[in-house]
Amino acid sequence: MPDTPRFDGPLAESWIRAIAAAVEKEQPRLTELDSAIGDGDHGSNLQRGFTAALTALDALGPADPGAVLTKTGTTLISKVGGASGPLYGKAFRAIGAALPGPAAPATLAEALSAGLDAVRLLGKAEPGDKTIVDAWTPAVTAFRTAAATGATLPEAATAAADAAEQGARDTTPLQARKGRASYLGERSIGHQDPGATSTALIFRTLAETLTT
Amino acid sequence: MPDTPRFDGPLAESWIRAIAAAVEKEQPRLTELDSAIGDGDHGSNLQRGFTAALTALDALGPADPGAVLTKTGTTLISKVGGASGPLYGKAFRAIGAALPGPAAPATLAEALSAGLDAVRLLGKAEPGDKTIVDAWTPAVTAFRTAAATGATLPEAATAAADAAEQGARDTTPLQARKGRASYLGERSIGHQDPGATSTALIFRTLAETLTT
Amino acid sequence: MKKLINTPESVLEDALAGVAAAHPELAVDIPNRVITRAARPAGPKVALISGGGSGHEPLHGGFVGPGMLDAACPGEVFTSPVPDQMLAAAKAVENGAGVVFVVKNYTGDVMNFELAAELAAEEGLEVRTVLVNDDVAVEDSTWTAGRRGTGATVLVEKTAGALAERGAPLDEVAALGERVNAASRSFAIALTAATVPAAGKPGFDLPEDEIEVGVGIHGEPGRRREKLRPARDLAAEVVDTILTDHHLTPGDEVIALLNGLGATPLLELYVVYGEVAARLAERGITVARSLVGNYVTSLDMAGFSLTLTKADTQLLELWDAPVDTPALKRA
Amino acid sequence: MKKLINTPESVLEDALAGVAAAHPELAVDIPNRVITRAARPAGPKVALISGGGSGHEPLHGGFVGPGMLDAACPGEVFTSPVPDQMLAAAKAVENGAGVVFVVKNYTGDVMNFELAAELAAEEGLEVRTVLVNDDVAVEDSTWTAGRRGTGATVLVEKTAGALAERGAPLDEVAALGERVNAASRSFAIALTAATVPAAGKPGFDLPEDEIEVGVGIHGEPGRRREKLRPARDLAAEVVDTILTDHHLTPGDEVIALLNGLGATPLLELYVVYGEVAARLAERGITVARSLVGNYVTSLDMAGFSLTLTKADTQLLELWDAPVDTPALKRA
Ligand SMILES: Nc1ncnc2c1ncn2[C@@H]1O[C@H](COP(=O)(O)OP(=O)(O)O)[C@@H](O)[C@H]1O
Ligand SMILES: Nc1ncnc2c1ncn2[C@@H]1O[C@H](COP(=O)(O)OP(=O)(O)O)[C@@H](O)[C@H]1O
Ligand SMILES: [Mg+2]
Ligand SMILES: [Mg+2]
Ligand SMILES: [Mg+2]
Ligand SMILES: [Mg+2]
């Protein structure tokens, strides 16, 4: 299918730049969610990280998607701290490592899946623990299913974003078992997880980047 | 004048007990005045001191006025701290030292004057500095004048109490130059001095003790 | 928010400049956010490195010096440091005998130190990690991120630091650190919440007559809220809570750390300590050593934490060993 | 009022019980309210005694020990001690070489120590008094009770303590104390007021965005109130205010004490110290030694004071001399 556009370096860079813009815009909301069941810094953590990633990508110049995303992950690890820094950092590095060149939907699906594996390896969270994993898992499943049935990149990414958002919403009734929110015990129930919410944002941004 | 009652041990003890009761009652007012231009402890300082004096007098048993007042002064020195403890302590010790036995008005006048001298020697305040001295000075003058013109103890003490109260009121427009209130500079103007106020209380109590 | 700062963004950097100016005995690498001793130890020695979010001073920078830490990595306020800091620190102080990371058990700290350990290993350094998790307010179950690391950090850093200073090998220093952590339990009570400069308002709302029982050093919620009670009752409750979890028995000896959370006057800490000592005596526990003061703070939080470490001859001897850091000195 | 106490009336006694429990190296006479060293110095030595209202901890009890004070006399909170305490202390620690009283310049302290000196003289003791009056917020004129004694007390107690420990005679120790006081100036800024337990509410009201410039350690009013400004500006103002009064000239060396008033996080103190150091450098003043922390506090007041003592070889050497007290240790 030579007509299907592939996920290349410029698209990868657009994705990261779009995440930075989205995080900037959604920072108050992420902060508010993290204030309810965490320590209120998830928004500023991600803003610090993705702002630094923009600078890093400026310095990198044109590159293949793997290099763009690996650089992004490395920057997040170096700049964010907290729980989300290493988790998203490792995730983007894993996605990058799985994308040596421009990628078709199926390859991108596997790369996103590698990102999830990295999050789970480091954070040891199971689905249902009220974390990033609860948005990322359905997103990967949706992306992979769409890709397997011949969806284009925008179609697969939109399905993934929808699934991630649903996954994020579904964290609300859960009791947190990982991260800071777990200290709240039952009091964590009834709040949407900030990390799952930012994951949904990352997938929605991917869909938008690929669509426009 | 064998009919004129003299200031003896029981009267001295009644005076101190009456001061303790008056301080207990007026504590909020003294505290309030000291909060305005000092550190708000003048009431509790005196209460602590005179409560201890009661215990000391219980232990002392019947004694001549000199012993009663010396014991009171010593107790104030030992229990009060702050500025007022040494000042009133020295004052009562000086009054006591001047009263070897039951005293006629003229002798008590000189004893009260010795109390003022003790305050001034230790505190180095001049009249007009907005201190105890501003109530005690006119009180001694009034007591001495009355005694010199043949007044009885109750008459002399009432004149002294009136003068002390006037002296205390007259501290209001003064700028403090001694003690904690002096740190306020011009901001001490417009407030009645707590120490002058407790001095007026001490003289009013003497008048009441001698009258009843 | 009333704070002695320039801007919320620059707090860490500005504070590090102050640390550098105040402590010629420390070397402060401001860009890399690493504090080390100005004078490197002579022979090979296990390098002890700790770090964590800022706002808990003197932890950890105040414990860098002979007999305690080789380096500290301060993160942003209440935010774990990043792996680059720990890697830079490890490279700066590694001295031929390996590196021990002392890590307080918070998800962010654990993961960032884990990545640092990976990076350090890639550079050929031998790294061991000692996890500190002493706060009994959190149940140590699969339902949580595990007990939080608080006051025991001081005990671990002091005793492991003393052992490292004597030339003990890597595994021995790490094992000692783990042993001290296992022998330690802490519990804290807050009277007020801390205000993170970037947040600009207190981390939680506490009515004028209520306390947070079992609070965490970042203002994490405790077991419950209740009315303020006399120091005697609070001390007894804290002692009893720790003893329940700790299984100390009459006759046991402890090192007691009564720690101020930042805004509690020393006068009040001594009032509490008097009651803690009395309660421990009632329960038959002997305080072999004690330390009262602000060691693991939570910015401007008012309150205290108590840490009890079961003592034995080796621990007491290491606790008593000389130390020369800004916040802890012993001849 | 939220405080870790049993009752407002028992604060001092309860805190002394805590001091006794926490510090076996001190002897705490609770009924007489006197803190001394547990181990008496061997030979004859000038006995250094200080005291003052409680609420300024670690001042003075935290400075009792070899190389510093022989005894401390804590009064009720923010109330000077009574002469009986100083007399009891003098009798307990006098060691054949006379006694020096270190007294902060407040009317109550001055008079109570004066009576104590009279009583001690009656008992045949030789007493000298060193008055500390370093707070430049108050004009030292006949219109006031004179400059208040604050941070310089630490410098006086440390250096005179070191000199006494070496066996210097009474007049020399007293003269040194006076010299250090004369070489010292302090200035403080408060962000919040302290709450005396017995009063139950803050000593003054300060709007959420205002500071008290030139505040005293009992909450005495300063020179003025103004809006909170960045730490850099406040540090510069405090340095400049002191330099104006102190007549230091470029090239002079100082010992700098940046002191927290009780509720200020160490993180913020370091931010301020960084700015203080920068401003002093701009003004050509060299900081020979520095000390950053809570030393002369005002209960739960947030804020800081800066003390600058003009240094010379003798003062630096005495400042560096060994000291072993709860709050200040040096090998
Ligand atoms: N073990 C974990 N695995 C996956 N995600 C986690 C884990 N722990 C925490 N998270 C995610 O991290 C988010 C919080 O991130 P952030 O606020 O940036 O870090 P911190 O909790 O250190 O302040 C949580 O909402 C949660 O989704
Ligand atoms: N030098 C002095 N001479 C005479 N009276 C003084 C002097 N200094 C202070 N006072 C008196 O002491 C009073 C305050 O007493 P108090 O509140 O008990 O002591 P403190 O000021 O130590 O808290 C003042 O109102 C003033 O009348
Ligand atoms: Mg967070
Ligand atoms: Mg007063
Ligand atoms: Mg955080
Ligand atoms: Mg007072």
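Reckoned from all heavy atoms, side chains included, excluding hydrogens, waters and symmetry mates. All values reported here derive from a predicted model rather than from experimental measurement. In what follows, every chain begins at residue 1, and chains take the letters A, B, ... in the order their sequences are listed.
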Practice problem: Could you tell me which portion of D:N105 (side chain, backbone, both or neither) has an atom closer than 4.5 angstrom to a non-hydrogen atom of chain B? | Solution: backbone

Exercise. Can you tell me which residue pairs pass the side chain to side chain donor-acceptor pair (under 3.5 Å) test with a partner in residues 89-102 of chain B, sequence neighbours excluded?
Key: B:T74-B:R93, B:K90-D:E118

Quiz item: Mind checking which of residues 80-88 of chain D sit less than 4.5 Å from chain B, heavy atom to heavy atom?
Solution: D:S80, D:P81, D:V82, D:P83, D:D84

Self-check item: Contact origin within D:F78 toward chain B - heavy atom pairs under 4.5 Å
Solution: backbone

Quiz item: Taking all atoms of both residues into account, what is the closest heavy-atom pair of D:G146 and B:Y183, and its distance?
Solution: O-CE2, 3.6 Å

Quiz item: Tell me, do B:R187 and D:P221 make a side-chain contact under 4.5 Å, heavy atoms counted?
Solution: yes

Quiz prompt | Rounded distance [0.5 Å steps], CG in B:L121 versus CD in D:E114 | solution = 7.5 Å

Self-check item: Options D:V196, D:T79, D:D109, ranked by heavy-atom pairs under 4.5 Å with chain B, top entry
Solution: D:T79

Exercise. Report yes if the side chains of B:L87 and D:M111 come closer than 4.5 Å at any heavy-atom pair, otherwise no.
Key: yes

Quiz item: At their closest point, which heavy atom of B:G179 faces which heavy atom of D:A145, and how far apart are they?
Solution: O-CB, 3.7 Å

Quiz item: Can you find a heavy atom in the side chain of B:K124 that is under 4.5 Å from one in the side chain of D:V110?
Solution: no

Practice problem: Could you tell me which portion of B:D129 (side chain, backbone, both or neither) has an atom closer than 4.5 angstrom to a non-hydrogen atom of chain D? | Solution: neither

Quiz item: Where does B:S44 contact chain D at under 4.5 Å (heavy atoms): side chain, backbone, both or neither?
Solution: neither

Quiz item: Near D:D205 CG, under 6.0 Å, is it more than 12 heavy atoms from other residues, nucleotides or ligands?
Solution: no

Exercise. Calculate, to the nearest 0.5 Å, the distance between atoms CD and CG belonging to D:E220 and B:L184 respectively.
Key: 9.5 Å

Quiz item: Which atom names give the shortest non-hydrogen contact between D:T107 and B:A83, and what distance separates them?
Solution: CG2-CB, 3.9 Å

Practice problem: Check whether any side-chain heavy atom of D:N112 lies under 4.5 Å from a side-chain heavy atom of B:V80, and answer yes or no. | Solution: no

Practice problem: Measure B:A181 against the heavy atoms of chain D and call it side chain, backbone, both or neither at under 4.5 Å. | Solution: neither

